[in-house]
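Working notes, structure below.
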Amino acid sequence: MNELFLPVSREDMLERGWYYYDFLLITGDAYVDHPSFGTPVIGRVLEKEGYRVAILPQPDWHSAEAIRAMGRPRYGCMLSAGNLDSMVAHYTAAKRRRSEDFYSPGKKAGLRPDRASIVYANRVREAFPSLPLVIGGLEASLRRFAHYDYWDDKVRASALIDAGADILIYGMGERAAREIARRLASGEAPETITDVRGTAVCRPDESYCAYEAVSVPSLEEVRRDKRAYAEATRIEYAEHDPVRGRAVTQRHGERCLIVNPPAMPLDTRELDEVAELPFTREPHPMYEAEGGVPAIEEVRFSIIHNRGCLGGCNFCSLAFHQGRMVTARSNESVVREAEKMT
Ligand code: SF4
C-alpha cells in the first residue's frame, strides 16, 4: 500500500508498524486524497494533530465485518456519507435510481447504502458497541434538525437521533473534529462533550445546553403543522450565525436535540494551513484497476479559494452548511498551490 496516503486497512497499518491507531474515519465516497473531499480533510487535520488515523472508504454495509476488520481504534470513529447526500447521489429528482456514481471507482453505482450516515452508524455500533461515535459530512449536517425528506415525502427526525451517534458535527468540521478528538483522547466521555460549537447532541432536556438557546417547534409539531415547520426553519436559518447565533433546541419525543451555535469559520491563516496539508491530490492507488475515481477530474486543476456565501438563496444549501460569512485564503498560499500543480 502507498504510504503517502492514510492507511485503508489493518494490513496497511501493520506495514507501517502501527499496532494501535486512534481514529477510524468512514466515508461513503472512494478515498480521494484531495482537499475537495471532506473525510480526507478531517483525516489530514487529525494527522497533523499527531493522531494515527485510518480511513475506511465505502465499506460493505451488509454486516459489521468490514468495520470490525479494521480493529478498534483507541479514541473513536468519525463517519460521513461522503461529499453528497447519499439520496442525492443515488436518485434523480424524478426518484429514478442513478446508474453511475462519480465518487466511486470506475463510476460504479451501489457502493454505499441509501441514508449512509445512519447505516454506517448502526454497523459501527455493532462492531464496537461502546466506541465514541461522531457523524458529520454534508448529509448529517443538512439533516441536523427535523427535516422534510423529498424521497420519503415526510418529515424525518434529526439524523443524529436516527443514527444513534454521540455527536453530530455540522458545517465545515475542522474545528469541531479537532476539539472532540482532543477531549476524547484526554479520556473525557462523549456524554459530557455537549458544548462544542458546530455540533449537535441529544440529551434529556434543554438544561444540558451550554449556550443561550432558543427552542423551535418539536418534531411532532413540525410533522403535524406546516406553519410550525416554517417557523422552525426560519429560526434555524436565522441562528446559523457564528457571531450572534444562539443554540437551537428541538424536542424529539422524550428527548431534546441541542444544536450548539456554529463554529467560527477558519480564518485566512487556518484555511492556508488546511489547504497545504500533505494531500497527494490523487485517488488511492487501490482503484487503478477500476480506472480511478472520476470525481477527481472536476477538481484536479481546481484551487479552493474561499468558503461561505452571503447569498442565502432558498434553493441552495451552501449557506446552511458553510455559513454566510465569506473567508478566503491568502494570495501567497493560492499561488504556492498553483505552482505545485504546474
Ligand atoms: S446559489 Fe448558493 S452559492 Fe450561489 S449565491 Fe445563492 S446561496 Fe450563494
Side-chain angles (χ1 to χ4, degrees), residues 28-29 32 34-42 80-94 98 102-103 117 136-151 156 158-159 168-176 197-200 214 216 229-246 248 259-268 270-272 274-275 295-331 333-334 337-338:
D29 293 334
V32 181
H34 187 280
S36 297
F37 290 74
T39 301
V41 171
I42 298 299
S80 158
N83 266 8
L84 301 184
D85 185 288
S86 57
M87 300 305 281
V88 176
H90 293 170
Y91 298 93
T92 68
R98 293 185 199 275
F102 281 68
Y103 288 85
S117 316
L138 194 79
E139 179 173 287
S141 175
L142 295 181
R143 294 174 183 269
R144 58 192 181 270
F145 291 102
H147 57 282
Y148 174 72
D149 182 276
Y150 172 72
W151 320 101
R156 290 181 64 103
S158 163
L168 178 153
I169 296 180
Y170 70 90
M172 306 304 273
E174 293 96 341
R175 277 193 206 288
R197 296 181 73 101
T199 68
V214 55
V216 296
Y229 187 99
E231 180 61 9
T233 304
R234 185 184 68 75
I235 297 169
E236 291 155 12
Y237 273 66
E239 299 300 335
H240 186 63
D241 184 309
V243 177
R244 54 146 195 82
R246 293 169 290 181
V248 180
V259 179
N260 290 322
M264 227 22 191
L266 299 190
D267 62 22
T268 298
E270 293 167 320
L271 284 174
D272 287 353
V274 169
I296 185 66
E297 298 310 331
E298 271 188 31
V299 294
R300 189 182 290 281
F301 300 110
S302 300
I303 295 177
I304 300 168
H305 172 261
N306 59 284
R307 290 183 179 179
C309 179
L310 47 78
C313 305
N314 279 335
F315 54 83
C316 175
S317 59
L318 195 145
F320 202 49
H321 182 71
Q322 292 195 355
R324 285 183 299 254
M325 189 186 287
V326 178
T327 53
R329 286 170 62 192
S330 68
N331 294 348
S333 172
V334 169
E337 187 173 341

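When a ligand or atom number is given, it counts from 1 through the structure's own listing order. Hydrogens, waters and symmetry mates play no part in the numbers below; they use all other heavy atoms, side chains included. As the structure is a computational prediction, the values presented were derived from the model and not from experiment.
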Considering non-hydrogen atoms only, spot the tightest contact between A238 and R324 and give its length.
-> O-NH2, 4.3 Å
Quick one: nearest non-hydrogen protein atom to atom 6 (Fe) of ligand 1, plus distance?
-> C313 SG, 2.4 Å
V214 versus E239, closest heavy-atom pair with distance | CG1-CG, 3.8 Å
Assess C316: does it contribute an N, O or S atom lying under 2.8 Å from atom 8 (Fe) of ligand 1?
-> no
E297 CD: over 12 foreign heavy atoms closer than 6.0 Å | yes
Identify the protein heavy atom lying closest to atom 3 (S) of ligand 1, giving its residue, its atom name and the separation to 0.1 Å.
-> C309 SG, 3.7 Å
For V41, which of M172, H34, E174 qualifies under side-chain contact (heavy atoms from CB on, under 4.5 Å)?
-> E174
